[in-house]
2 protein chains.
Amino acid sequence: MSAITPRYLTGKTDDIKDFLDHFDVFLFDCDGVLWSGDHVFPGTAETLDMLRSKGGIAYPYPHVQVVTNSTLGKQVVFVTNNSTKSRKDYKKKLDDLQIPSSVEDIFSSSYSSAIYISRILKLPENKRKVFVLGETGIEQELASENIPYIGGTDPAYNREFKAEDYKSIAAGDSSLIDPEVGVVLAGLDFHVNYLKLALAYHYIRRGAVFLATNIDSTLPNSGTLFPGAGSISAPLIMMLGKEPVALGKPSQAMMDAIEGKFKFDRQRACMVGDRVNTDIRFGIEGKLGGTLGVLTGVSTKDDILTSDVRPLAYVDTLSDLLGAK
Amino acid sequence: MSAITPRYLTGKTDDIKDFLDHFDVFLFDCDGVLWSGDHVFPGTAETLDMLRSKGGIAYPYPHVQVVTNSTLGKQVVFVTNNSTKSRKDYKKKLDDLQIPSSVEDIFSSSYSSAIYISRILKLPENKRKVFVLGETGIEQELASENIPYIGGTDPAYNREFKAEDYKSIAAGDSSLIDPEVGVVLAGLDFHVNYLKLALAYHYIRRGAVFLATNIDSTLPNSGTLFPGAGSISAPLIMMLGKEPVALGKPSQAMMDAIEGKFKFDRQRACMVGDRVNTDIRFGIEGKLGGTLGVLTGVSTKDDILTSDVRPLAYVDTLSDLLGAK
């Protein structure tokens, strides 16, 4: 994709300053960049402060909630594929980790999905309902865009599949099949079960649009991996022989949604991430002016230097950017 | 695969006789061939009787249970990818549908899996346990081969995934991770959940052999489709980036197991089925002497005549073979 040799910025004050001067907006991947699990990397908050203060008025955090604006300094956006949390939940996580933010700085795959459904999909009035495979984060973001939904965390779906369900579903019985469902949205669902998979499959067969918050096959936790949102879509992909439209990184549907909200100049934006195949790819395919790799997460220095997908520059840790002070 | 023009046998007495004379053993796919759902096709029992009586002593059914033997006529074997039923359960289904059979005539993917684990896999003594994603049919067949197992229908696994499960699984805590598990066997599981998928994934990462009873993506029922056994493996395949060894049609591991049990001459055996891509492929790749398509199931006449995988001959319905009387 890009055969450039990424610039190594760590320890090079002038190079860092020069790099930062090119951008007004920084899109941040979170886990592996700002923190790992519950452990915040040293200097994370200071680095974000530095960016937000650079070139303008200091960002008025942490107790004043504002809509950030690049005229006040550089804009920082937290971009996460985590679909289980709403932006409000995620703000709480950032607060707990003592990372200053406002809800408006957060862009999650659940929010991205809600924006896509409400503003991009043109659904007929009688097909506006979403059948959710996922957790409360998705439900909250759909509600924030006034999108009706069923499924999700509703305990009525948290039950065994019964022999009579075959016939009810086949017949489109209204006790199980809601004729107003026009979208199936699959995210990470800790309550996935046979009934919900069967219903999702049948809604899509009946014409519902197949969306996924994101298709990461795994979810990092406790130093290892667990089933990710992609493993909830996987049975449907296999059964249907088709892929969902994914609303998380590296899907450009997410970039379009971010740009739609923040209205920035892509040439003046930089994606910061630890994974070349999701974060860096996301920035490059989105034609952002820059991409910055960090070595505190999944991709190694070797990946960054030799992958098909290489960032414009890289640092050992995010806080190395403080060298620009 | 085979560019032959399949012979159309319906209504051609001499052709049918000639065809049947070539074979001592008939392997039957069931749903779509003998019945559809709970509806037995007219003439099914009579056709099986005819085959069993041909060339020898009449098969002593229905009340005398015998090990069938080709010297008594043609051997009929029921080959099913259904993993939720044990052979005993399946015999009961055949009884209910008034199709004469003995348990020994039945070869299911759950039985095939048990045979493969006990007789083909060489597991170390301390790695003999199987973690099951599936129903009682699998458990019964594992028990019939004296294979220890966990998971499956054990209600202890039928619970929510809890935040502390991440750490327990990551640490290999013995409350959740049994160090003796050497195989993960995934079949159709109506009780699939996040905990079971996470455990299956971790067992395979820790070195367990990844097996699937079968990988049919869908399960026909009530005139439509539902998630099949393959949709239980799908998340694991996506997460691991590798495929399981499948023990159902069209996997030749199943053919080897059938031959291991019945000791027949493949040249004198014919596979009968409704799906070119599973049944007919299974027979051709197994180098059986013949394959017979029927048009009462999934594949159409057009599929049979133009597919890459074509049977040696075909009939409209199985009972058309009665024309050989």
Side-chain angles (χ1 to χ4, degrees), chain A residues 37-38 84 133 135 153 155 158-173 177 186 188-202 204-206 215-241, chain B residues 37-38 84 133 135 153 155 158-173 177 186 188-202 204-206 215-241:
Chain A
D38 289 332
T84 62
L133 281 169
E135 299 293 331
T153 62
N158 202 352
R159 66 161 174 86
E160 292 212 355
F161 191 81
K162 294 176 285 193
E164 57 264 36
D165 291 329
Y166 289 122
K167 277 193 183 147
S168 303
I169 293 175
D173 190 300
I177 297 287
L188 182 52
D189 187 349
F190 294 109
H191 302 84
V192 66
N193 63 24
Y194 192 87
L195 174 66
K196 287 161 90 174
L197 288 174
L199 289 170
Y201 170 71
H202 277 270
I204 299 167
R205 274 179 59 130
R206 287 165 175 269
I215 50 168
D216 300 82
S217 62
T218 55
L219 173 76
N221 197 306
S222 305
T224 181
L225 298 172
F226 289 84
S231 63
I232 307 298
S233 304
L236 299 171
I237 295 171
M238 185 188 250
M239 293 178 75
L240 295 157
Chain B
D38 289 332
T84 61
L133 281 169
E135 299 294 330
T153 62
N158 202 352
R159 66 161 175 85
E160 292 213 354
F161 191 81
K162 294 176 285 192
E164 57 264 36
D165 291 329
Y166 289 122
K167 278 193 182 146
S168 303
I169 292 174
D173 190 302
I177 297 286
L188 183 52
D189 187 349
F190 294 110
H191 302 86
V192 66
N193 63 25
Y194 192 87
L195 174 66
K196 287 161 92 173
L197 289 173
L199 289 170
Y201 170 71
H202 277 270
I204 298 167
R205 273 180 58 129
R206 287 165 175 270
I215 48 169
D216 300 80
S217 62
T218 54
L219 173 76
N221 197 305
S222 305
T224 181
L225 299 172
F226 289 85
S231 64
I232 307 298
S233 304
L236 299 171
I237 294 170
M238 185 189 250
M239 291 178 77
L240 295 158

Based on non-hydrogen pairs under 4.5 Å, which of [options] is most in contact with chain B?
options                                : result
A:Asp189, A:Asn221, A:Thr224, A:Leu195 : A:Asn221
A:Ser231, A:Pro235, A:Pro227           : A:Pro227
A:Ala171, A:Gly241, A:Ala170           : A:Ala170

Next on the checklist: side chain to side chain contact (heavy atoms under 4.5 Å, CB included) for A:Glu160 and B:Asn158? Distances and angles first, verdict last.
Outcome noted: CA-CA 10 Å; A:Glu160 292 212 355; B:Asn158 202 352; 4.1 Å; yes
Do [X] side-chain atoms and [Y] backbone N/O form a donor-acceptor pair below 3.5 Å?
X        : Y        : value
B:Glu135 : B:Thr153 : no
B:His202 : B:Gly172 : no
B:Tyr201 : B:Met239 : no

Next on the checklist: What verdict does the side chain to side chain contact (heavy atoms under 4.5 Å, CB included) test give for B:Asn193 and A:Val192, after you've listed the backbone C-alpha separation in whole Å, the side-chain angles of each residue and the deciding distance to 0.1 Å?
Outcome noted: CA-CA 6 Å; B:Asn193 63 25; A:Val192 66; 5.6 Å; no
Item to check | Side chain, backbone, both or neither of A:Leu236 within contact of chain B (heavy atoms, under 4.5 Å) | outcome: neither
Checklist outcome for this item: Okay, A:Leu188 and chain B: the region with an atom under 4.5 Å from a heavy atom over there is side chain
Checklist entry - What part of B:Leu219 is in contact with chain A, defined as an atom under 4.5 angstrom from a non-hydrogen atom: side chain, backbone, both or neither? => result side chain
Item to check | Contact winner vs chain A - B:Ile237, B:Leu240, B:Leu225, B:Leu197, heavy-atom pairs under 4.5 Å | outcome: B:Leu225
Checklist entry - What about B:Phe226 and A:Tyr194, are their ring centers closer than 6.0 Å? => result no
